[in-house]
Structures are given as structure tokens and as C-alpha cells.
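Everything on this sheet refers to the single structure shown next.
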Amino acid sequence: MRFRHMVAASALGALALAACGTGGSYSSPSSSSKPATSVASVPMATVVPATVMTGNTPLGGVLVDSNGRTLYGFTKDVNGMSTCDGACASAWPPLTINGSTLPAGLDATIFSVITRADGSHQLKAGKWPLYRFSGDAAAGDVNGQGSGGSWFAVNPTGALHKT
């Protein structure tokens, strides 16, 4: 019974995130997307624990969450700190974790944790706090890539994948 509640809550959350957008047009990813491969587990502040993985997308290998959704960096984040709050964070939900300690299994030369303005803790790869995009509905989607000239997928080394 508890599992059904978690699945239902996850589905509702995904629908709510998909409803938020930036008003831009989106294209579907190619059908050549491959399943993600695990990099490390990351406890999440969401209902279902998530994992950071390397996923194969139309852009190539990028960091993805446990659902295969692409993780992005925002070039307007200054000095490795998040500047995306409010409506921005609704369209670009931050990848938050429980606590300020880097979760076990993550490479500390790539990953770190920052404290957001609201006191929550966000996972960072390289110098980029990590976000999902509400316009990415399925694993392998990269609809946020290049959005506003400021949002780019993050590759497994923590660098932005600029195209």
C-alpha cells in the first residue's frame, strides 16, 4: 500500500513539473537514446530516493537523475551558488539532497553540496549547481539545452555541454 502511495505521489509530482514551462517550443529527442548507467546513489529530499547517473542522450553522455532526466547547469549561477529561486526553481527544479554532507559514493573531485537561500542543500557538479527542467518529460529529453542561452546539460566531469 505504501508503495502505491509513493508511486502516485511521484506521478503527480511529475505531472506538476511538466505543467511548468518557460513558454518556449520544444522538440522531441531522437529515438536513439539509450538507458542510463549508474554512477552513484544520492539520497534526495523527494518522495523517492534518486540516483545521479550518466545517461546517453542525443547530446551524448550527460548527468541524469534516477528517472533518466537530464541535469542542467545555469550560467547565471555566480561563484558556484544557485541564483535560481521562485518561478525559476519551478521551471528548473534544483537537485536537492538531505543534509550538507556529500553522499557516499560520489566523487568529491566532481561533486559537492551547496546551501540554497531557503536553507535546503543542492548537489553541484564541477562549479554548477544541478537542476532538472520541467519541459523534459521523459528519460533522455534535452529540451532545456541552450534555453535562454544560459541552461546547458552537465557532462559526467562537471562541465557544461555547450553546443
Side-chain angles (χ1 to χ4, degrees), residues 10-11 13-46 48-85 87-97 102-103 105-114 116 122-163:
S10 295
L15 287 173
L17 288 176
C20 298
T22 59
S25 68
Y26 309 111
S27 59
S28 298
S30 74
S31 60
S32 64
S33 296
K34 296 179 185 172
T37 56
S38 180
V39 170
S41 293
V42 180
M44 297 296 296
T46 57
V48 180
T51 302
V52 173
M53 302 178 286
T54 297
N56 192 8
T57 70
L59 299 173
V62 300
L63 294 178
V64 298
D65 69 9
S66 63
N67 295 316
R69 292 190 54 197
T70 302
L71 296 173
Y72 297 90
F74 184 39
T75 60
K76 294 183 181 178
D77 283 346
V78 180
N79 298 322
M81 297 305 294
S82 175
T83 59
C84 181
D85 294 306
C88 176
S90 291
W92 298 90
L95 181 64
T96 57
I97 62 171
L102 185 65
L106 288 179
D107 183 346
T109 64
I110 297 173
F111 295 96
S112 59
V113 179
I114 61 168
R116 295 178 50 79
Q122 185 173 1
L123 190 63
K124 183 170 95 169
K127 66 179 188 177
W128 306 107
L130 298 173
Y131 304 87
R132 298 174 185 99
F133 177 49
S134 62
D136 286 348
D141 283 357
V142 289
N143 297 321
Q145 178 67 9
S147 182
S150 300
W151 293 95
F152 298 94
V154 179
N155 74 32
T157 64
L160 296 182
H161 185 89
K162 292 189 176 181
T163 55

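As the structure is a computational prediction, the values presented were derived from the model and not from experiment. Excluded from the calculations below are hydrogen atoms, water molecules and symmetry mates; all remaining heavy atoms, backbone and side chain alike, are included.
- The distance from the CG atom of Asp141 to the OG1 atom of Thr57 is 10.0 Å, given to the nearest 0.5 Å.
- Closest non-hydrogen pair, Ser134 versus Ser90, comes out as CB-O, 4.1 Å.
- For Trp128, the ring-ring contact (aromatic ring centres under 6.0 Å, His included) criterion is met by no residue, not counting sequence neighbours.
- Taking Thr70 as the reference, nothing meets the side chain to side chain donor-acceptor pair (under 3.5 Å) condition, with sequence neighbours excluded.
- Closest approach of Val62 and Ala153 over heavy atoms only: CG1-CB, 3.8 Å.
- The two residues Pro58 and Gly140 make their nearest non-hydrogen contact at CD-O, 3.4 Å.
- Among residues two or more places apart in sequence or in another chain, the side chain to side chain contact (heavy atoms under 4.5 Å, CB included) test is passed with Lys127 by none.
- Separating the CG atom in Asn79 from the CD1 atom in Ile114 is a distance of 11.0 Å, to the nearest 0.5 Å.
- Contacts of Thr75 classified as side chain to side chain donor-acceptor pair (under 3.5 Å), with partners at least two apart in sequence or in another chain: none.
- Residue Ser82 comes nearest to Pro129 through the heavy atom pair N-CG, 3.9 Å, listed as atom of the first residue, atom of the second, then distance.
- Of the inter-residue distances, the one linking Phe152 atom CZ with Gln145 atom CD reads 6.0 Å to the nearest 0.5 angstrom.
- Residue Gln122 holds its CD atom at 4.5 Å from OH of Tyr131, rounded to the nearest 0.5 Å.
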For Val142 and Tyr72, run side chain to side chain contact (heavy atoms under 4.5 Å, CB included): C-alpha distance rounded to whole Å, both residues' side-chain angles, the deciding distance at 0.1 Å, then the answer. CA-CA 9 Å; Val142 289; Tyr72 297 90; 4.1 Å; yes
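- Summarising the geometry of Lys76 relative to Ser150, their closest heavy-atom pair is CE-OG, 3.4 Å, with the distance given to 0.1 Å.
- Residues Phe74 and Trp92 keep their aromatic ring centres 6.0 Å or farther apart.
- To the nearest 0.5 Å, atom NZ of residue Lys124 and atom CE of residue Met81 are 7.5 Å apart.
- Remark: Asn155 pairs with Thr157, Ala159 by the side chain to side chain contact (heavy atoms under 4.5 Å, CB included) rule, at least two apart or across chains.
- The main-chain N or O of Asn67 is found under 3.5 Å from a side-chain atom of Asp65 such that the two form a donor-acceptor pair.
- In this structure, Leu123 and Thr96 have side chains that are not in contact, with every pair of non-hydrogen atoms separated by 4.5 Å or more.
- Taking the side chain to side chain contact (heavy atoms under 4.5 Å, CB included) definition, one finds that Ile110 meets it with Asp107, Ala125, sequence neighbours left out.
- Although no hydrogens or angles enter the test, the distance criterion places a donor-acceptor pair under 3.5 Å between the side chain of His161 and the main chain of Leu59.
- In this structure, CG in Leu63 is found 6.0 Å from CG in Leu71, a value given to the nearest 0.5 Å.
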